[in-house]
Amino acid sequence: QGKYEQAEKMLATSYTFRKKEITDDITSYINYYDNYAQLYTSWNKPEKAEKYWDDVLPKILTYTNKMFNEFSEQEKSQFWTEYSKDFEIYNNFCLNQHKSKPQVIQKMYDNRIATKAIVLNSVNKLKKRIYNSQDSSLVRQYEEWQSLKDRIAHYYGIAPQQLKEAGIALDSLEKVVEKFEKELNISTEDKKQGKYIPLSWKEIQKTLLPGEAAIEIVRFRKFTNFFTDSIVYVALILTPDTKDNPELVVLPYGNKLESRYLTYYRNLIKIKGEDTISYNAFWKPLEAKLKGINTLYISLDGVYNQLN
C-alpha cells in the first residue's frame, strides 16, 4: 500500500517539473500517463486504471498509425517492444475485470484488431502493387527484401555481443535493405499508404453470416506488479448472435500449451500416432461456445500458429 502511495506522489511531483514537455510532446504524454495506468492496475484501483488506459491506449494507436511506416525496421522493433507491453498489461486488466465490467472485452477486441492491422498494413499495399506488376524479377527482389527485413527484425532481439560472435553485421544488412528499396522504388508514398482504418468488433460482426464465428486467439504474459513467466491465452469470440460484448474464454495452462502439449502434438505427428490429448488441451474450452457454428474464421497467436 505504502509503495503505491509513494509512487503516486512521485508522479504528481514530476509533473510540476515536466509539465511543458508532457503537454507539448505526445510520446512524453503517453509515457507519463501510462505510468498512472500501470500504477492503478497494480494497485487494484480499476476505476482509476481504466480512466488512464482509455486515454493512453488510443493515443498510442493514433501515434503508431501515423508514424509506423516512417520508421526504419530498427525503429519499428524498438517502438513496438516499448509499447506492446502496454497492451499486454491492459489485457491482464481486462481479464481481471471482465466479469464485473464485461464492456472491457469490447476494448480488448478492438485493440487487438488495431494493433494487428497497423503491423500488417505497413506492407500489404506495397506487396499488392509489386505482385500486380507481374514482373517476376521485381517480385523476386521484393521477396528477398522482405526476407532480409524479417532476418534483421529477428537480429534486433539478440544481444550485440552474440551477433558479433556469430559474425553478423547489422549495419551492413541495413545498407542492403536500403539498396533493395531504391531498386524496388519503394517511395515515401508507398509507406504512407500502409495506414489502417480503425474497425470495431461490431463492424466485424456485421460481416458474419448465420452459422459463422470469428475467433481472436490472444497471447500475453501474466502481469502482477511486473511481468511473470506465466503465459495466458484467451479466445475472443464473435458470432452474429453476440449481443453486448465478444465472448471471452480462457484457454488454461498457457505454459503447458507451449511446452508439454506442443511437444506431444509434434511427436504424434512424426510417428503418425493417435492423438488423444491435443484436442482437449487446445480446443475443448471453446467447444461449448461454438454450438451451431459450421464456419470459423480464426486469427491465431503464439503456439496456435504451430498447430494444423
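By convention here, the first residue in the shown sequence is residue 1.
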>> Can a donor-acceptor pair be found, under 3.5 Å and without considering hydrogens, that links the side chain of Asn92 to the backbone of Glu88?
In response: yes
> Ile293, Leu238: one ILVMFWY side-chain cluster at the under-4.5 Å cut-off?
Replying inline: no
>> Go through it in stages, so that I can follow the logic: the residues are Arg221 and Val232, the test is side chain to side chain contact (heavy atoms under 4.5 Å, CB included), and I'd like the CA-CA distance, side-chain angles, deciding distance and then a yes or no.
In response: CA-CA 6 Å; Arg221 294 169 292 172; Val232 181; over 6 Å; no
> Nearest 0.5 Å, what's the NZ-CG distance between Lys206 and Leu199?
Replying inline: 11.0 Å
> Do Leu290 and Tyr109 share a hydrophobic cluster (ILVMFWY, side-chain heavy atoms under 4.5 Å, transitive)?
Replying inline: no
> Where the side chain of Gln106 meets the backbone of Asp244, is there a donor-acceptor pair that is under 3.5 Å apart?
Replying inline: yes
> Just by distance, with hydrogens left out, do Trp283 and Ser278 show a side-chain donor and acceptor under 3.5 Å apart?
Replying inline: no
> Closest approach of Asn225 and Lys3, non-hydrogen atoms and distance?
Replying inline: ND2-NZ, 3.7 Å
> Would you say the side chain of Ile298 lies within less than 4.5 Å of the side chain of Leu300, judging by non-hydrogen atoms?
Replying inline: yes
> Distance from Leu170 atom CG to Arg151 atom CZ, nearest 0.5 Å?
Replying inline: 10.0 Å
> Is there side-chain contact between Leu296 and Ile215, with heavy atoms separated by less than 4.5 Å?
Replying inline: yes
> Do other residues, nucleotides or ligands put more than 12 heavy atoms under 6.0 Å from Lys85 NZ?
Replying inline: yes
>> Can you give me the closest heavy-atom contact between Pro252 and Val250, atom names plus distance?
In response: CD-O, 3.3 Å
> Would you say the side-chain atoms of Asn91 pair up with the backbone N or O of Phe220, donor to acceptor, closer than 3.5 Å?
Replying inline: no
>> Arg219 vs Glu258, test: side chain to side chain contact (heavy atoms under 4.5 Å, CB included). Steps then yes/no.
In response: CA-CA 11 Å; Arg219 176 195 187 273; Glu258 295 187 353; 2.6 Å; yes
>> Do Ile130 and Trp145 have side chains that approach each other closer than 4.5 Å (heavy atoms only, starting at C-beta)?
In response: no
> In the single-linkage hydrophobic clustering (I, L, V, M, F, W, Y; side-chain heavy atoms under 4.5 Å), do Tyr279 and Tyr261 co-cluster?
Replying inline: yes
>> Rounded to the nearest 0.5 Å, what separates atom CG in Leu248 from atom CE in Met108?
In response: 5.5 Å
> Do Leu39 and Glu8 have side-chain heavy atoms sitting under 4.5 Å apart?
Replying inline: yes
> Which atom names give the shortest non-hydrogen contact between Ile237 and Lys289, and what distance separates them?
Replying inline: CD1-CB, 3.8 Å
> With distance as the sole test, does Arg112 use its side chain to make a donor-acceptor pair with the main-chain N or O of Ile217 at under 3.5 Å?
Replying inline: yes
>> Could you check whether any side-chain heavy atom of Thr115 comes within less than 4.5 Å of a side-chain heavy atom of Phe87, counting everything from C-beta outward?
In response: yes
>> Parallel, tilted or perpendicular: which one describes the rings of Tyr4 and Trp43, with boundaries at 30° and 60°?
In response: parallel
>> Checking Thr295 against Glu212 for the side chain to side chain donor-acceptor pair (under 3.5 Å) test, could you report, in this order, the C-alpha distance in whole Å, the side-chain angles of both residues, the deciding distance, and whether it holds?
In response: CA-CA 5 Å; Thr295 302; Glu212 296 182 338; 4.7 Å; no
>> With a 3.5 Å distance limit and no angle check, can you tell me whether Asp86 reaches the backbone of Asp34 through a side-chain donor-acceptor pair?
In response: no
>> Do Tyr90 and Thr41 have side chains that approach each other closer than 4.5 Å (heavy atoms only, starting at C-beta)?
In response: no
> So which heavy atom on Pro246 is nearest to which on Ile105, and how close?
Replying inline: O-CG2, 3.4 Å
> Got Thr207 and Tyr297 here, is their nearest side-chain heavy-atom distance under 4.5 Å?
Replying inline: no
> Does the side chain to side chain donor-acceptor pair (under 3.5 Å) test come out yes or no for Tyr40 and Glu47, once each step is laid out?
Replying inline: CA-CA 8 Å; Tyr40 291 128; Glu47 290 78 15; over 6 Å; no
> So Gln38 and Phe93, side chain to side chain contact (heavy atoms under 4.5 Å, CB included) or not? Walk me through it.
Replying inline: CA-CA 9 Å; Gln38 293 188 38; Phe93 172 80; over 6 Å; no
>> With side chain to side chain contact (heavy atoms under 4.5 Å, CB included) as the criterion, how do Val139 and Tyr142 come out once you've worked through the C-alpha distance, each side chain's angles and the decisive distance to 0.1 Å?
In response: CA-CA 5 Å; Val139 169; Tyr142 170 81; 5.5 Å; no
>> Please determine whether the number of non-hydrogen atoms from other residues, nucleotides or ligands lying under 6.0 Å from atom CD of Glu165 exceeds 12.
In response: yes
> What are the two closest heavy atoms between Val234 and Leu251, and how far apart are they?
Replying inline: C-CD1, 4.1 Å
> Are Val56 and Phe227 linked, directly or through other ILVMFWY residues, by side chains that come within less than 4.5 angstrom of each other?
Replying inline: yes
>> Among Lys101, Lys59, Lys107, Lys48, which residue satisfies the salt bridge (Lys or Arg N to Asp or Glu O under 4.0 Å) criterion with Asp54?
In response: Lys107
>> Membership question, hydrophobic clusters at under 4.5 Å side-chain separation (ILVMFWY): are Leu57 and Tyr32 in the same one?
In response: yes
> Quick check: does any side chain N or O of Tyr63 sit under 3.5 Å from a backbone N or O of Pro58, one acting as donor and the other as acceptor?
Replying inline: no
> Between Tyr29 and Tyr33, what is the ring plane arrangement, given parallel below 30°, perpendicular above 60°, and tilted in between?
Replying inline: tilted
>> Ignoring hydrogens, what is the shortest heavy-atom contact between Pro240 and Leu209? Give both atom names and the distance.
In response: CG-O, 3.1 Å
> Distance-only, no hydrogens or angles: does the Asn255 side chain make a donor-acceptor pair with backbone N or O of Ile231 under 3.5 Å?
Replying inline: yes
> Do Tyr233 and Val218 come close enough that some side-chain heavy atom pair is under 4.5 Å?
Replying inline: no
> Is the closest side-chain donor-acceptor distance between Glu21 and Tyr15 under 3.5 Å?
Replying inline: no
> Do side-chain atoms of Glu216 reach the backbone of Ile113 as a donor and acceptor pair under 3.5 angstrom?
Replying inline: no
>> Looking at Tyr253, I want to see if its OH is surrounded by more than 12 non-hydrogen atoms of other residues, nucleotides or ligands under 6.0 Å.
In response: no
> Rounded to the nearest 0.5 Å, how far does CD1 of Ile26 lie from CG of Asn31?
Replying inline: 9.5 Å
>> With a 6.0 Å cut-off (strictly less than), is the heavy-atom count around CZ of Arg260, excluding the residue itself, greater than 12?
In response: no
> Yes or no on side chain to side chain donor-acceptor pair (under 3.5 Å) for Glu143 and Tyr131, after CA distance, side-chain angles and deciding distance?
Replying inline: CA-CA 10 Å; Glu143 291 175 345; Tyr131 277 89; 2.6 Å; yes
>> Side chains of Ser137 and Asp135 only: does a donor on one sit below 3.5 Å from an acceptor on the other?
In response: no
> If you measure from OH on Tyr264 to OG1 on Thr276, what distance do you get to the nearest 0.5 Å?
Replying inline: 3.5 Å
> In Å, rounded to the nearest 0.5 Å, how long is the span from CG of Asn96 to CZ of Phe223?
Replying inline: 10.5 Å
> Is it true that Lys222 and Asp229 make a salt bridge, defined as a side-chain N closer than 4.0 Å to a carboxylate O?
Replying inline: no
